[in-house]
Amino acid sequence: MKGGRSKSDTKSAKLSVTKKPTKGGGGGAAARKSGKAAKDPNKPKRPASAFFVFMEEFREQYKREHPKNKSVAAVGKAGGDKWKSLSEAEKAPFVAKADKRKVEYEKKMKAYNKEQAEGPKEEEESEKSMSEVNDDDEDDEEGRR
């Protein structure tokens with residue numbers, strides 16, 4: 001048959017896969033990660049909300065009452081239901097603890113931001129820059145021998 005398709009041609013045409021471009025112009029997860037600035041390990045962590053302060057205590061209590069339960073989802077669901085059922089007066093101690101943590105966090109952030117504005121201290125070089133300097137010195141010594 002001239003001009004006709006053979007059986008193998010039709011099968012390969014059906015099995016071919018065309019990939020659709022992803023949202024955001026492609027590149028995938030690797031491109032997204034490289035676009036973000038590196039996190040500073042010295043930056044203070046944000047404080048827990050009143051609900052999470054409540055959950056810290058509730059988790060311990062729940063584990064004592066249900067020692068065989070290993071499900072994180074069950075603890076979270078029970079904690080959420082309990083939080084919703086609490087009155088404003090019962091939530092007050094957790095809100096107070098959360099506010100106290102927030103004030104401490106704001107103090108730490110002010111100190112951190114002030115430190116960042118001053119810039120890195122000259123006498124304290126990072127480990128990487130120190131090792132690069134030392135590596136360069138070693139290379140020079142090896143080249144002279």
How far apart are the closest heavy atoms of [X] and [Y], and which atoms are they?
X: A98; Y: S49; result: CB-C, 3.9 Å
X: P93; Y: A89; result: CD-O, 3.7 Å
X: Q116; Y: D40; result: NE2-OD2, 3.6 Å
X: P67; Y: K70; result: O-NZ, 4.3 Å

Is it true that, when you exclude K91 itself, more than 12 heavy atoms of the residues, nucleotides or ligands shown sit nearer than 6.0 Å to its NZ?
yes

Working to the nearest 0.5 angstrom, can you tell me the gap between [X] [atom1] and [Y] [atom2]?
X: E106; Y: N113; atom1: CD; atom2: CG; answer: 11.5 Å
X: F94; Y: D99; atom1: CZ; atom2: CG; answer: 13.5 Å
X: E115; Y: M109; atom1: CD; atom2: CE; answer: 11.5 Å
X: K45; Y: K108; atom1: NZ; atom2: NZ; answer: 11.0 Å

Hey, does the side chain of E90 reach the backbone of S87 with a donor-acceptor pair shorter than 3.5 angstrom?
yes

Do [X] and [Y] sit in the same hydrophobic cluster, where Ile, Leu, Val, Met, Phe, Trp and Tyr count as joined when their side-chain heavy atoms come under 4.5 Å apart?
X: V75; Y: W83; result: yes
X: Y105; Y: V103; result: no
X: F52; Y: V95; result: no

Any pair with a residue in residues 55-68 that passes side-chain hydrogen bond (donor to acceptor under 3.5 Å, both in side chains), sequence neighbours left out, goes on the list, sorted by first then second residue, please.
E56-R101, E57-K97, Q61-E65, Y62-N69

